Amino acid sequence: MAARQTSSALQPPALSDAYPMANPGYGKRVAPDQLPRGASDFTLLPTRERYVAGFIDHLPEGASMSVKQLAKQLPLYGQQAISSALTALSVAGHLRRVRCPVGAGEETRWVFRTFWSRTARDNEWWATFLATETTTAQATAEAPSLTPNTPAPAPAPAPTAVPQQRTPPPRPEAPLAPSTTEPGPSPAYLALAHLGRTDHRLALSADDCAALEPRATEWLARGVSVDYLTSALTAGLPAAIDSPVGFLRHRLTTKTPPQLPTENTGSGTTAPTARSLLVECTECGTPGPPEALPDGLCRPCRETHSKGPGDPSPAPTEAPDIKAHMANLRNLLRSV
């Protein structure tokens, strides 16, 4: 049974009035149905995680949750330590990082949010809560834009009598030339071409887009959206990419999504995807559905985390004999 750590040696700093807020739609989001704040909050966590959690819990709704901003306000730890603490808090069930689309059509953009719960939750609770958030977002997107009780249009005025005029005989119409327009680029090609605008490290040439187009088309044929394809290709990028086409070819090959049934809609508008909210891995930022990221971590990061602090270091083959060593030292001193 874990012992409660009631030491108050590390108290989080007082919240500054100038703490930066995130852009509208981003930042901290408070999860519902939490227990009241009390002195026993986070007592089962290690010292560093308890320190960071106490500070985050007092941040207002919409506050910036970036590692850089948190490290500026918490002088005891750097960015790497803050990032590790957020990962531990995600595993403990206190937070989930998500991304969700806002807008419609070509104006769709991704916003990044961090849901925070003072009360630790398990994976089932988070999956149910995030599914509810997805349903709410879809209902908002599907709401009709026309307001009820639209006033009927006013009747058109009666036409004014105009004297009859002579009109020239109609000219014979020239036959229409056959259309020579070629079909535009595919959605997969356009998604690849826009990657360079999303992140300059992924700028591709026309030949590169044409070479990767079949692999990206295969992703879309499996039922994923263009937004999901873009998010999967741009998440967790390294600091420098020497060959964007090689990097993207590797991701398109190794991260191919499972086959999903395509949705056919009768209207001309694009229906929202079945999974409009994606959870981000707290460690590397890889997106995915909530059930695919238990503890808020993708599979590689979850395996790394389970092998990290929990694994005992390899014990030496034979423990040193302290008494024999001290006796040997005494014998050496006597001989001097």
Side-chain angles (χ1 to χ4, degrees), residues 2 4-100 111-123 125-127 129-130 133 277-287 290 293-298 301-302 305 308-309:
R4 292 183 176 271
Q5 303 182 26
T6 57
S7 172
S8 58
L10 282 181
Q11 294 293 334
L15 184 62
S16 172
D17 295 336
Y19 186 87
M21 302 296 288
N23 292 331
Y26 293 72
K28 178 185 175 182
R29 291 291 183 273
V30 179
D33 303 330
Q34 300 187 46
L35 296 176
R37 185 177 286 120
S40 61
D41 294 336
F42 316 117
T43 52
L44 295 179
L45 297 174
T47 302
R48 182 184 64 185
E49 283 70 22
R50 189 168 72 252
Y51 178 76
V52 176
F55 180 78
I56 294 177
D57 189 51
H58 287 79
L59 291 178
E61 184 92 357
S64 175
M65 287 289 291
S66 67
V67 173
K68 183 177 180 180
Q69 292 295 344
L70 291 173
K72 285 183 179 180
Q73 300 293 326
L74 302 175
L76 295 183
Y77 302 104
Q79 295 187 26
Q80 185 64 35
I82 295 296
S83 178
S84 300
L86 293 178
T87 300
L89 291 175
S90 177
V91 174
H94 290 288
L95 67 86
R96 288 292 186 271
R97 291 190 181 274
V98 303
R99 62 173 68 179
C100 55
V111 297
F112 302 86
R113 298 168 180 169
T114 300
F115 285 100
W116 171 260
S117 175
R118 184 186 316 112
T119 305
R121 307 292 189 179
D122 56 15
N123 293 318
W125 187 93
W126 278 113
F129 168 68
L130 295 177
E133 289 293 314
L277 186 147
L278 299 175
V279 178
E280 277 194 347
C281 175
T282 311
E283 184 74 22
C284 67
T286 300
L293 281 82
D295 298 334
L297 299 177
C298 64
C301 293
R302 190 163 61 253
H305 186 270

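Numbering starts at 1 and runs along the sequence shown. Quantities reported herein were computed from a predicted structural model and do not represent experimental measurements.
Annotation for A127 and P290: closest pair CA-CB, 4.2 Å, computed over non-hydrogen atoms. Minimum interatomic distance between P60 and M21 (heavy atoms only, all atoms of both residues): CG-SD, 4.0 Å. Taking every heavy atom of both residues into account, A71 and Q79 meet most closely at CB-CG, 3.7 Å. Residues R113 and C100 come closest through the heavy atom pair NH1-SG, 3.6 Å. Closest heavy-atom contact between L59 and A63: CB-CB, 4.0 Å.
Not counting sequence neighbours, the partners of R118 by the salt bridge (charged side-chain N to carboxylate O under 4.0 Å, His left out) test are D57. A search for side chain to side chain donor-acceptor pair (under 3.5 Å) contacts involving R29 returns nothing, not counting sequence neighbours. Taking N23 as the reference, Y26 meet the side-chain contact (heavy atoms from CB on, under 4.5 Å) condition, with sequence neighbours excluded. By the ring-ring contact (aromatic ring centres under 6.0 Å, His included) test, F112 pairs with no residue at all, sequence neighbours left out. When the side-chain contact (heavy atoms from CB on, under 4.5 Å) test is applied to P36, no partner is found at least two apart in sequence or on another chain.
Between the side chain of S117 and the backbone N or O of A31 there is no donor-acceptor pair closer than 3.5 Å. Side-chain atoms of Y19 come within 3.5 Å of backbone atoms of S64 as a donor-acceptor pair (strictly under, hydrogens ignored). Proximity of a side-chain donor or acceptor of R99 to a complementary backbone N or O of L278 within less than 3.5 Å is not detected.
In this structure, R121 and D33 have side chains that are in contact, with non-hydrogen atoms separated by less than 4.5 Å. Contact annotation: the side chain of R96 approaches that of N123 to within less than 4.5 Å [non-hydrogen atoms, C-beta and beyond]. T114 places none of its side-chain heavy atoms less than 4.5 Å from the side chain of K28. Using a 4.5 Å heavy-atom cutoff, the side chains of L74 and I56 are not in contact.
Taking OG1 of T47 as the start and CD of E49 as the end, the distance is 8.5 Å to the nearest 0.5 Å. Taking CZ from R50 and CG from D41, the interatomic distance works out to 11.5 Å, rounded to the nearest 0.5 Å. With values rounded to the nearest 0.5 angstrom, R37 atom CZ is found 4.0 Å from H58 atom NE2. A distance of 12.0 Å separates CZ of R48 from CG of L76, quoted to the nearest 0.5 Å.
Between W116 and F42, the angle of the ring planes lies from 30° to 60°, which puts this pair in the tilted group. The aromatic rings of W126 and F129 stand perpendicular to each other, their planes meeting at an angle above 60°, with 30° marking the opposite boundary.
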Side-chain donor/acceptor pairs under 3.5 Å, residues 81-93, sequence neighbours excluded:
from, atom 1, to, atom 2, distance (Å)
S84, OG, Q80, O, 3.1
T87, OG1, S83, O, 3.1
T87, OG1, E283, OE1, 2.7
S90, OG, T282, OG1, 3.1
S90, OG, D295, O, 2.7

